Structure formats: C-alpha cells, structure tokens
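Before any comments, here is the structure.
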Amino acid sequence: MIAAPRKRIRKDRARQLILEHYGDPANALEPRKHWGQLIGHGARGSLWGLFDPQELDALEEEILAMRRERLAADLGRVDAALFKRAAEGDVAAVRLVYERFEGWKPGQRLEIHQGGKAKSLSVMTDEELNSELIFVLASMGILVARDGRGGGNKGDDDD
C-alpha cells in the first residue's frame with residue numbers, strides 16, 4: 001500500500017524536473033532516452049517504470065508547448081525585423097515574408113491582384129515584389145508610407 005504513494009511522489013517529482021529543464025528553450029531538447037539521467041536514474045528503464053508511453057507523449061507535448069510559449073515574444077521581434085527589412089527593399093526578406101505569411105513556395109504560382117489584374121509572383125520583378133509588399137504592409141497599418149500617409153504610395157519611386 002505504501003509503495004503506490006511513494007511511486008506517485010517520485011513520478012510527480014520526476015515530471016516537474018523534466019518540465020523545468022526541457023521546457024526552458026535555453027536547454028537542448030534531448031531524446032527521451034536521456035531524460036532518466038536528468039531525474040537521477042542512469043538506466044532508461046527506470047523512466048519507463050514511472051511513466052507509461054501515453055504519459056511520456058503528453059509530457060513531451062507539454063514541454064513543446066512551454067518552449068513555444070517562452071519563444072513567442074522572441075518570434076514576434078524576429079517577425080517585426082523581417083517586415084522592416086522587407087519594407088526597406090531587401091528582396092530576400094520580401095520573398096521570405098511571402099513564404100512565411102502567405103504560404104508561398106518558390107516555383108509556386110501565387111497571384112497578386114494589382115489594379116484589377118492578377119499577376120503571378122513568379123513573373124514579378126524584385127522591384128514589383130518590394131512595391132507590392134510595401135503597399136500591403138502600409139494598408140495593414142504596419143508601415144507608414146514615406147509621405148507619412150498610411151495605405152501606401154504603391155507606385156512612387158523617389159529613390
């Protein structure tokens with residue numbers, strides 16, 4: 001009878017150690033076979049003695065959710081920097097913005113509607129891509145056009 005509460009305590013303690021360590025993005029996410037060493041069990045069999053496969057799956061999902069949550073703010077800053085570089089005319093950043101936020105892949109036809117006409121991204125020049133991105137960002141309120149108006153000055157070229 002006493003063995004069950006002790007096992008529960010060991011299991012809860014091991015779960016907490018694993019979550020604290022692997023939930024931190026600063027720590028490398030290692031395969032499950034290394035988790036036993038973290039909780040003081042050299043043999044991986046003792047980890048499997050505490051947790052069944054479904055519990056390990058759930059624990060791994062919780063670890064990944066914690067890591068994503070902790071990285072969310074950093075990813076927002078990365079996205080903002082990417083938008084800024086794209087808006088400044090970095091063609092590689094423009095393409096990456098379309099890939100990341102529009103689901104576009106190189107070689108895939110993605111149409112942009114300009115003035116009632118559909119135009120494929122694959123046939124747009126770098127300048128057209130940049131102009132289109134600036135227009136889209138300005139219309140979303142993410143970017144203020146050079147003349148200070150939101151909504152963009154899509155066709156202006158004052159460089």
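Remember, it's a predicted structure, so these values are computed and weren't measured experimentally. All heavy atoms count here, side chains included; hydrogens, waters and symmetry mates do not.
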Side-chain donor or acceptor of [X] paired with backbone N/O of [Y] under 3.5 Å:
X     : Y     : value
Asn27 : His21 : yes
Arg67 : Asp24 : yes
Arg15 : Leu59 : no

Would you say [Y] ends up clustered with [X] if hydrophobic residues are merged whenever their side chains have heavy atoms under 4.5 Å apart, either directly or through other cluster members?
X      : Y     : result
Phe83  : Val91 : no
Leu38  : Leu19 : yes
Val78  : Leu96 : no
Phe101 : Tyr98 : yes
Tyr22  : Leu64 : yes

Handout entry: Minimal non-hydrogen separation, Ala86 against Val97, with atom names
Key = CB-CG2, 3.9 Å
Practice task
Please determine if Arg100 and Asp79 form a salt bridge, counting it only when a charged side-chain N lies under 4.0 Å from a carboxylate O.
Solution key: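 A salt bridge links Arg100 with Asp79.
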Practice task
Determine, for Asp57 against Arg32, whether the closest basic-nitrogen to carboxylate-oxygen distance falls under 4.0 angstrom.
Solution key: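 Yes, Asp57 and Arg32 are salt-bridged.
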Exercise for the section: For atom CZ of Arg13, decide whether the heavy atoms of other residues, nucleotides or ligands shown that lie under 6.0 angstrom number more than 12. Expected result: no
Handout entry: Within-4.5 Å side-chain heavy-atom neighbours: Ile39 and Leu50
Key = yes
Problem - Residue pair Leu56 / Glu60, side-chain heavy-atom distance below 4.5 Å - result: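 Counting from C-beta outward, Leu56 and Glu60 never come under 4.5 Å.
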Fill in the blank from the handout: When rounded to the nearest 0.5 Å, the distance separating CG of Leu82 from NZ of Lys84 is 12.5 Å
Handout entry: Reported CG-to-CZ distance for the pair Asp12 and Arg10, which is rounded to 0.5 angstrom
Key =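 Output value for this atom pair is 11.5 Å.
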Fill in the blank from the handout: Residues at least two apart in sequence or cross-chain that pass side-chain hydrogen bond (donor to acceptor under 3.5 Å, both in side chains) with Lys11, listed by chain then number, are Glu55
